[in-house]
Number of protein chains: 2
Amino acid sequence: MRSSEHGALTKNQELVYDALTDAKGPLSAYAILDGLREHGIRAPLQVYRALDKLLEFGLVHRLESLNSFVACSHPECDSRETMVFTICEKCGKVSELADKAIAGQLQSLADLDHFALKAATVELRGFCQACQTASTQ
Amino acid sequence: MRSSEHGALTKNQELVYDALTDAKGPLSAYAILDGLREHGIRAPLQVYRALDKLLEFGLVHRLESLNSFVACSHPECDSRETMVFTICEKCGKVSELADKAIAGQLQSLADLDHFALKAATVELRGFCQACQTASTQ
DNA sequence: ACGCATCTGTTATACAATAACATCGATTGC
DNA sequence: GCAATCGATGTTATTGTATAACAGATGCGT
């Protein structure tokens, strides 16, 4: 029982993962904690430890600019692929885009600088389609 | 006196900006605070307020994945341009790269998703050239 | 002088993440 | 069986990051 099977999660990992998938949006570690108090989660560390594993398994991504976490929306996410997130500054909606071209371009840029690329964080801020049309008033 | 002139900074803004340019590397807000206690800075808020302005002026960038800040290395940085940072996980060295191609690609990706792009955070993690050759032992 | 905006200083507090330590349960090797 | 080990767990305490709320000070236009 290792990383590849979703069924292999421990109780706490399962709780945290379910909280994130149910949320359908990013949650901070403390928001997760609050939502899971009834399920026996009492301390931040229980959440952070579960998150560490979920990140390692590639089931969850961390949004650096929000200090929060989302369940990966790509069922068979390869974990190490470069992900691009769009973050709506109005409604908070987050979308996860997988784009090979960006990944390649970043790799080229790193190569130019003789930088050995291990992971990339790409977070775009702006307004989602819904919030744009809404503000066309 | 607004954003464009460097000479227009207030005392605290000047102190924080100088601390960052002297450091030649990223500093956390609290590291800045510690370095400026002798200069009369006593509370985190004094640093954060100065940083907010400096970010607004485009003189400073925030490294989301490090919770820290760097002085912009491009003298005439347009503030709103997309910046790419490489962060060495061994020595902590940070480089700031301006790349039009990446910016364009991200814009295209956002367009596809009907996302109105305002700002982009791109942070690459890995090993810098020096640390690669050093670890070839 | 007055109003207004901005920067300032201070205290207290919220939010994010980790340290240190004890325990429990399953597995492995003998 | 039994010790040894390893990973997950639970708990308390602490460090680090960022903001709230309030008060005072400064500069500027009218």
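Chain A is the first sequence line, chain B the second, and so forth, proteins listed ahead of strands; every chain is numbered from 1.
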**Message:** Counting only side-chain nitrogens and oxygens, does B:K11 get under 4.0 Å of the OP1 or OP2 atom of C:dC7?
**Reply:**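 For C:dC7, OP1/OP2 do not have a side-chain N/O of B:K11 under 4.0 Å.
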**Prompt:** Is the distance from OP1 or OP2 of D:dT9 to the nearest side-chain N or O of A:Q46 less than 4.0 Å?
**Reply:** no
**Fill in**
residues 85-118 of chain B vs ring-ring contact (aromatic ring centres under 6.0 Å, His included), sequence neighbours excluded, gives B:H61-B:F85
[atom1]-[atom2] distance between [X] and [Y], expressed to the nearest 0.5 angstrom:
X: A:I32; Y: A:I41; atom1: CD1; atom2: CD1; answer: 10.5 Å
X: A:N12; Y: A:L51; atom1: CG; atom2: CG; answer: 10.5 Å
X: A:D52; Y: A:F57; atom1: CG; atom2: CZ; answer: 10.5 Å

Could you give the [atom1]-to-[atom2] distance, from [X] to [N], as a whole number of Å?
X: B:L9; N: C:dT6; atom1: CG; atom2: P; result: 16 Å
X: B:I41; N: C:dC7; atom1: CD1; atom2: P; result: 14 Å
X: B:L15; N: C:dG9; atom1: CG; atom2: P; result: 9 Å
X: B:L36; N: C:dG9; atom1: CG; atom2: C1'; result: 15 Å
X: A:L33; N: D:dT11; atom1: CG; atom2: C1'; result: 13 Å
X: A:E14; N: D:dT9; atom1: CD; atom2: P; result: 11 Å
X: A:Q13; N: D:dG7; atom1: CD; atom2: P; result: 13 Å
X: A:F57; N: D:dA8; atom1: CZ; atom2: C1'; result: 11 Å

**Complete:** 5' to 3', nucleotides 14-24 of chain C under a 4.0 Å protein heavy-atom cut-off (B base, S sugar-phosphate only, - none) gives --BBBBB----
**Asked** Just by distance, do the side chain of A:E123 and the backbone of A:L63 share a donor-acceptor pair under 3.5 Å?
**Response** no
**Asked** Has the side chain of A:Q132 got a donor or acceptor atom that lies under 3.5 Å from a matching backbone atom of A:F127?
**Response** yes
**Asked** Going by atom types only, do B:S73 and B:E96 share a side-chain donor-acceptor pair under 3.5 Å?
**Response**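 Result is yes, a qualifying pair exists.
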**Item:** B:N12 side chain, from C-beta outward: closest of C:dG9, D:dA8, D:dG10
**Value:** C:dG9
